Number of protein chains: 2
Amino acid sequence: MLKNKKATIKDIAKKLGVHHSTVSRALRDHPDIHPNTIKLIKRTAEQMNYQPNMFARNLKNNQTNLIGVIVPEIKHHFFANAIGGVEEAAHEHGYVIIVCQSNEDYEREVINTKALISNRIEGLLVSVSQTTRDGAHFQQFIDEGGKLVFFDRALESVNASKVIVDDYRGGFKATEYLIKKGKKRIAHLAGTKELEISKLRYQGYRDALKKYNIPFRKNLVFWGGFQEEDGIEGMEYLLKLKTHPDSIFAVNDPAAIGAYEVLERRGLRIPEDIAVVGFSNNPISAFIKPALTTIEQPSYEMGKAAMELLNEMLVSKRNKKTKKILKTKLIIRDSV
Amino acid sequence: MLKNKKATIKDIAKKLGVHHSTVSRALRDHPDIHPNTIKLIKRTAEQMNYQPNMFARNLKNNQTNLIGVIVPEIKHHFFANAIGGVEEAAHEHGYVIIVCQSNEDYEREVINTKALISNRIEGLLVSVSQTTRDGAHFQQFIDEGGKLVFFDRALESVNASKVIVDDYRGGFKATEYLIKKGKKRIAHLAGTKELEISKLRYQGYRDALKKYNIPFRKNLVFWGGFQEEDGIEGMEYLLKLKTHPDSIFAVNDPAAIGAYEVLERRGLRIPEDIAVVGFSNNPISAFIKPALTTIEQPSYEMGKAAMELLNEMLVSKRNKKTKKILKTKLIIRDSV
DNA sequence: CACGTGTTCGCAAACGTGTGTGTAAAAATA
DNA sequence: TATTTTTACACACACGTTTGCGAACACGTG
């Protein structure tokens with residue numbers, strides 16, 4: 001079986017006895033080309049199964065149809081959904097997306113970024129890794145004129161556009177709900193201190209306590225991370241305290257599920273002994289028993305919004321840093 | 001803020017007063033270039049923040065580092081996981097992946113395929129849409145020398161490599177398990193007739209019945225699809241029969257969950273009134289009540305295996321069509 | 001008929017890299 | 001010293017596309 005070379009614009013030109021520039025223009029409906037010629041060229045292009053070579057086109061135009069996306073892990077429901085939203089919006093605007101995962105690893109994130117830059121992506125959409133402390137790789141991309149927008153997990157040290165949910169109000173609402181249900185010793189399984197998302201949810205938690213005159217206790221806050229293991233570790237820590245908390249506000253649902261595991265193992269009942277509120281409304285949270293009360297975080301919409309924002313930055317060529325905040329919603333179920 | 005143009009090989013050459021071809025060779029450690037020159041060039045390239053332009057390189061070499069991936073929907077757990085596996089393996093081999101979703105829509109799948117071909121992807125990984133009947137768009141890619149491997153959902157009409165699970169034995173095992181638990185009227189919520197995956201699971205179901213001398217009843221099979229809605233529709237159909245089935249083998253977990261909904265609504269108990277077995281071991285299936293007995297399908301491994309197979313085809317340049325079959329495992333829980 | 005004007009197309013250069021060939025100078029050999 | 005070989009680089013072209021410029025031609029106008 002021979003490896004047929006793909007038809008080029010020149011092949012079409014040769015076959016028709018015209019210059020290849022004429023073919024180029026014809027395919028793009030240039031007014032200088034006679035309608036009949038256009039029709040003829042388009043027909044033979046079709047029949048020769050011509051597909052434009054984006055490399056040559058992009059090389060010439062110095063612009064691509066590529067958008068880079070970096071997430072910690074594709075398999076996580078939230079990111080999978082967000083990528084789905086990104087792809088949807090990208091498709092509408094004629095882009096295709098290159099997806100990389102950092103596996104929550106800083107080094108890998110840097111490598112991904114460089115690879116994407118080499119592939120001359122038009123813009124970059126990032127939800128940063130849990131282990132990332134330094135944002136030089138992103139800053140460099142921006143400094144060279146690249147358009148970047150963070151979604152969900154943004155890096156504070158980098159001045160870039162971002163799409164996030166109202167983490168502050170989400171944290172506030174979750175905590176307030178626990179308070180209104182009569183909880184007094186509310187613990188917080190927090191994320192990592194470097195991520196804005198963690199800090200804002202934490203701040204919402206603190207401000208809710210303050211508003212209702214509940215003393216803030218530093219030892220009721222466990223800074224861990226976003227994985228189930230972090231929730232397990234944090235819950236075990238909290239149960240070692242001489243006075244148990246009466247409720248938990250977890251930074252996200254996986255962490256909350258980690259807490260569930262520990263509580264179940266220790267024979268503690270949810271919500272009678274300890275109430276739990278999560279964050280992100282993972283589909284599992286509706287199915288676990290008791291169903292988890294949580295803060296809904298529109299993942300698909302967030303991906304879509306991030307891509308839309310990126311597109312605006314791309315077409316306007318302006319360099320304003322925008323911050324788009326999506327609303328959250330308290331989903332009341334049975335864990336409180 | 002000025003949009004700095006990225007440094008090219010020529011910029012480096014000009015700055016150093018050498019020819020750009022020398023720079024090109026130096027960066028690739030060509031033996032014709034003096035070690036000192038190489039060192040000098042590499043240093044200034046580093047300092048000028050040079051990133052090779054993949055477009056120019058690919059255009060010249062007529063090969064890319066791009067792998068196309070088309071799935072029905074990124075957000076589905078199975079596909080998200082598979083994409084994660086693909087990305088992992090692709091990363092190891094120096095590829096980046098372009099991900100598109102067909103939204104179970106044939107037209108969209110064709111558009112995606114064309115777009116990927118235009119972007120001169122090196123190879124294509126596909127799980128085909130539910131509505132796809134014709135595979136001409138894939139066949140054309142293959143005929144032009146492109147390497148394609150289907151994973152999970154393969155199209156029979158296209159002669160291509162594929163990575164699938166042992167759907168036949170999976171279907172067989174699921175049905176056999178129901179039989180051994182004393183079930184006699186076993187219904188099957190099947191997928192679509194065009195997909196091999198559906199047919200094999202169906203065949204496994206039939207052969208298990210035959211082996212244990214249980215009569216096959218055509219009206220106990222509902223050909224629907226892979227979504228929750230299909231499960232709902234199918235279950236409603238089955239409950240309209242004058243004699244209810246005593247158990248259900250669903251083509252996948254979402255369909256099984258659809259069946260759960262209908263049964264719950266009708267006040268029927270699982271597994272006492274009707275037992276249910278799913279397929280794919282969606283994470284939710286462990287959390288729903290009763291926990292769903294299902295066939296485990298290694299999604300991440302499947303994505304990884306598909307990418308590995310594609311890579312072998314790419315490096316060997318051979319054109320053999322390989323079929324890789326992954327093992328399934330029966331996960332026994334509480335729905336039977 | 002000379003001229004301007006508009007239509008339709010060809011020519012050539014360019015984008016950033018890679019590579020085959022040519023060619024000085026340096027080194028090795030006779 | 002004269003010759004050959006090797007070293008280290010320059011030159012030019014190619015990949016497939018886009019685009020400015022200009023040529024050939026047809027037409028209408030004075």
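Predicted, not measured: the structure shown is a model, and the values here were computed from it. Residue numbering restarts at 1 for every chain, and letters A, B, ... go by the order of the sequence lines. Computed over heavy atoms, backbone and side chain alike; hydrogens, waters and symmetry mates excluded.
- Protein atom CD1 of A:Ile33 is 18 Å distant from nucleotide atom P of C:dG6, rounded to whole Å.
- When the local axes at the two ends of the helix from C:dC1-D:dG30 to C:dA30-D:dT1 are compared, using 5 base pairs at each end, they differ in direction by 60° after rounding to 10°.
- Rounded to whole Å, the distance from NE2 on B:His20 to P on C:dT19 is 12 Å.
- Checked against ring-ring contact (aromatic ring centres under 6.0 Å, His included), B:Phe141 has no partners two or more places apart in sequence or in another chain.
- Remark: A:Thr37 is in phosphate contact with C:dC9, judged by side-chain N or O atoms under 4.0 Å from OP1 or OP2.
- Taking every heavy atom of both residues into account, A:Leu310 and A:Leu124 meet most closely at CD2-N, 4.0 Å.
- Partners of B:Ser127 by side-chain hydrogen bond (donor to acceptor under 3.5 Å, both in side chains), not counting sequence neighbours: none found.
- Residue B:Ala56 is the one, among B:His19 and B:Ala56, whose nearest nucleotide of DNA chain C lies closer to the 5' end (criterion: closest heavy atom).
- Every residue meeting the side-chain hydrogen bond (donor to acceptor under 3.5 Å, both in side chains) condition with B:Lys42, not counting sequence neighbours, appears here in chain and number order: B:Asp29.
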Only pairs under 3.5 Å count here: list side-chain donor-acceptor contacts from residues 96-103 of chain A, not counting sequence neighbours, and write none if there are none.
residue: A:Gln101; atom: OE1; partner: A:Ile74; partner atom: N; Å: 3.1
residue: A:Gln101; atom: NE2; partner: B:Gly84; partner atom: O; Å: 2.7
residue: A:Gln101; atom: NE2; partner: B:Glu87; partner atom: OE1; Å: 3.2
residue: A:Ser102; atom: OG; partner: A:Glu104; partner atom: N; Å: 3.4
residue: A:Asn103; atom: ND2; partner: B:Glu88; partner atom: OE1; Å: 3.1

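- Between the NZ atom of A:Lys10 and the P atom of C:dA13 there is a distance of 13 Å, rounded to whole Å.
- The distance from atom CG of A:Asn119 to atom P of C:dG16 is 17 Å, rounded to the nearest whole Å.
- In summary, the side chains of A:Asn49 and B:Gln140 do present a donor paired with an acceptor at a separation below 3.5 Å, with no hydrogens or angles considered.
- Side chain to side chain, A:Thr64 and A:Glu122 meet the donor-acceptor criterion of an N or O pair below 3.5 Å.
- Although no hydrogens or angles enter the test, the distance criterion places no donor-acceptor pair under 3.5 Å between the side chain of A:Thr37 and the main chain of A:Ile33.
- The side chain of B:Arg28 places no N or O atom within less than 4.0 Å of a non-bridging phosphate oxygen (OP1 or OP2) of C:dT17.
- Contact between the side-chain N/O atoms of A:His34 and the OP1/OP2 oxygens of C:dT8 is found at a separation under 4.0 Å.
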Can you name the atoms? Protein N/O to nucleotides 20-28 of chain D N/O, anything below 3.5 Å, with the distance.
residue: D:dG20; atom: O6; partner: A:Arg25; partner atom: NH2; Å: 2.5

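- As a whole-Å value, the separation of A:Phe55 CZ from C:dA14 C1' is 19 Å.
- Taking atom NE2 of residue B:His30 and atom P of nucleotide C:dT17, one finds them 17 Å apart after rounding to whole Å.
- The shortest distance between the side-chain N/O atoms of A:Ser24 and the OP1/OP2 oxygens of D:dT18 is below 4.0 Å.
- Judged as a ring-ring contact (aromatic ring centres under 6.0 Å, His included), and not counting sequence neighbours, B:His77 has no contacts.
- In terms of the ring-ring contact (aromatic ring centres under 6.0 Å, His included) criterion, B:Tyr95 has no residue partners (sequence neighbours excluded).
- Sorted by residue number, the members of residues 57-65 of chain A with any non-hydrogen atom under 4.0 Å from DNA chain C read A:Leu59, A:Lys60.
- Distance A:Lys14 NZ to C:dC11 C1': 17 Å, rounded to the nearest Å.
- Contact check of residues 44-54 of chain A against DNA chain C (heavy atom, cut-off under 4.0 Å) returns no residues at all.
- Partners of A:Phe226 by ring-ring contact (aromatic ring centres under 6.0 Å, His included), not counting sequence neighbours: none found.
- Without hydrogens or angle criteria, B:Asn311 side chain to B:Met307 main chain gives no donor-acceptor distance under 3.5 Å.
- Of the possible polar contacts, one joining the B:Glu109 side chain to the B:Ser129 backbone as a donor-acceptor pair under 3.5 Å is found.
- Rounded to a whole Å, the CD1 atom of A:Ile9 is 15 Å from the C1' atom of C:dA12.
- Residue pairs meeting the ring pair (Phe, Tyr, Trp, His ring centres under 6.0 Å) criterion with at least one member in residues 49-70 of chain A, sequence neighbours excluded: A:Phe55-B:Phe55.
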